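Please read all numbers here as calculations on a predicted model, not as lab measurements. Numbering of ligands and ligand atoms starts at 1, following listing order.
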Amino acid sequence: MSDVIRASAAPKPVGTYPHARRVGDLLFLSGIGPRDPATNAIPGNEYFADGRVRSYDITTQTQAVFANVRAVLEASGACWEDLVDVTVYLTDMARDFKAYNAVWAEYFPDIDTAPCRTTLGITALPTPIAIELKCTAVVRADNRQD
Ligand SMILES: O=C(O)C/C=C/C(=O)C(=O)O
């Protein structure tokens with residue numbers, strides 16, 4: 001038995017999958033990117049006239065994806081500190097790792113409370129984004145809403 005989470009403050013999924021599923025204390029988030037929840041625009045992207053991405057700002061996208069993760073956590077009755085495992089997908093590891101890693105350090109300054117992390121370089125994501133996160137959280141007992 002699991003609870004389906006739909007987060008109104010997070011970008012609409014691009015397919016038939018929920019923002020998250022809660023199974024007991026475990027919370028599994030779907031992969032999520034930096035799309036703006038209100039406009040669906042991708043922050044930090046600039047485009048050619050034909051719609052291809054001309055340039056992007058990985059710092060802006062990393063901050064935006066963290067905001068989206070936070071929105072899903074909050075809609076699930078969880079919080080930032082509940083994150084235990086994060087897989088990060090980057091479409092250009094060589095270009096973007098350093099800047100993304102610096103934003104990560106701002107959001108998770110303390111190694112003793114930061115979630116586990118794995119960063120993977122991949123060739124493409126379903127929308128023209130440069131970063132996507134796949135997160136798992138354990139909702140603390142004093143934070144549970146049921
Ligand atoms: O949220 C996005 O912009 C793109 C992410 C999509 C997926 O993770 C997916 O379709 O599985």
Side-chain angles (χ1 to χ4, degrees), residues 1-109 113-140 143-145:
M1 183 73 179
S2 65
D3 296 334
V4 172
I5 311 295
R6 293 184 181 88
S8 57
K12 202 165 171 247
V14 300
T16 52
Y17 57 89
H19 284 116
R21 272 187 181 271
R22 173 109 175 247
V23 186
D25 290 344
L26 288 176
L27 182 68
F28 301 93
L29 277 67
S30 291
I32 193 164
R35 276 182 298 121
D36 184 288
T39 66
N40 219 34
I42 298 168
N45 272 10
E46 289 185 10
Y47 299 92
F48 290 110
D50 65 5
R52 284 179 300 122
V53 176
R54 182 166 64 162
S55 66
Y56 64 92
D57 180 346
I58 190 63
T59 297
T60 300
Q61 289 203 12
T62 304
Q63 291 165 338
V65 73
F66 280 175
N68 287 338
V69 168
R70 197 188 293 270
V72 176
L73 290 171
E74 286 174 0
S76 311
C79 64
W80 198 243
E81 291 72 24
D82 293 335
L83 285 172
V84 293
D85 190 46
V86 179
T87 303
V88 182
Y89 300 93
L90 297 176
T91 56
D92 192 336
M93 183 74 77
R95 176 192 185 275
D96 293 337
F97 180 81
K98 190 173 173 193
Y100 130 76
N101 202 36
V103 177
W104 175 280
E106 288 173 21
Y107 284 75
F108 299 109
T113 54
C116 298
R117 184 187 85 178
T118 304
T119 306
L120 301 170
I122 58 171
T123 56
L125 287 162
T127 55
I129 57 179
I131 182 168
E132 178 170 329
L133 263 59
K134 176 78 184 82
C135 303
T136 305
V138 176
V139 185
R140 293 175 305 167
N143 208 15
R144 291 187 62 151
Q145 293 180 333

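Ligand 1 lies nowhere less than 4.0 angstrom from a heavy atom belonging to Pro11. Heavy atoms of Leu125 come nearer than 4.0 angstrom to ligand 1 in no pair at all.
Between Tyr107 and Phe66, the two ring planes are perpendicular [angle over 60°; tilted spans 30° to 60°].
Counting heavy atoms only, Thr127 comes closest to atom 2 (C) of ligand 1 of the residues Leu133, Thr127, Ile32. Of the candidates Glu132, Lys12, Arg35, it is Glu132 that places a heavy atom closest to atom 8 (O) of ligand 1.
Atom 7 (C) of ligand 1 has as its closest protein heavy atom Tyr17 OH, 3.4 Å.
Put simply, the side chain of His19 never gets that close to the backbone of Val69: no donor and acceptor are under 3.5 Å apart. A donor-acceptor pair is defined here as one N or O able to donate and one able to accept, closer than 3.5 Å; such a pair exists between the side chain of Thr39 and the backbone of Ala41. Side-chain atoms of Thr119 do not come within 3.5 Å of backbone N or O of Val88 as any donor-acceptor pair.
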Next item on the list: Start with the C-alpha distance between Trp104 and Val86, add both sets of side-chain angles, then the distance that settles side-chain contact (heavy atoms from CB on, under 4.5 Å), and finish with yes or no.
Entry: CA-CA 11 Å; Trp104 175 280; Val86 179; 3.9 Å; yes
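Of all atoms in ligand 1, listed by their number and element, those nearer than 4.0 Å to a heavy atom of Gly33 are 1 (O). Within ligand 1, the atoms closer than 4.0 Å to a non-hydrogen atom of Val14 are 6 (C), 10 (O), numbered from 1 in the order shown.
Residues Tyr56 and Asp92 meet the side-chain proximity criterion, which asks for heavy atoms closer than 4.5 Å.
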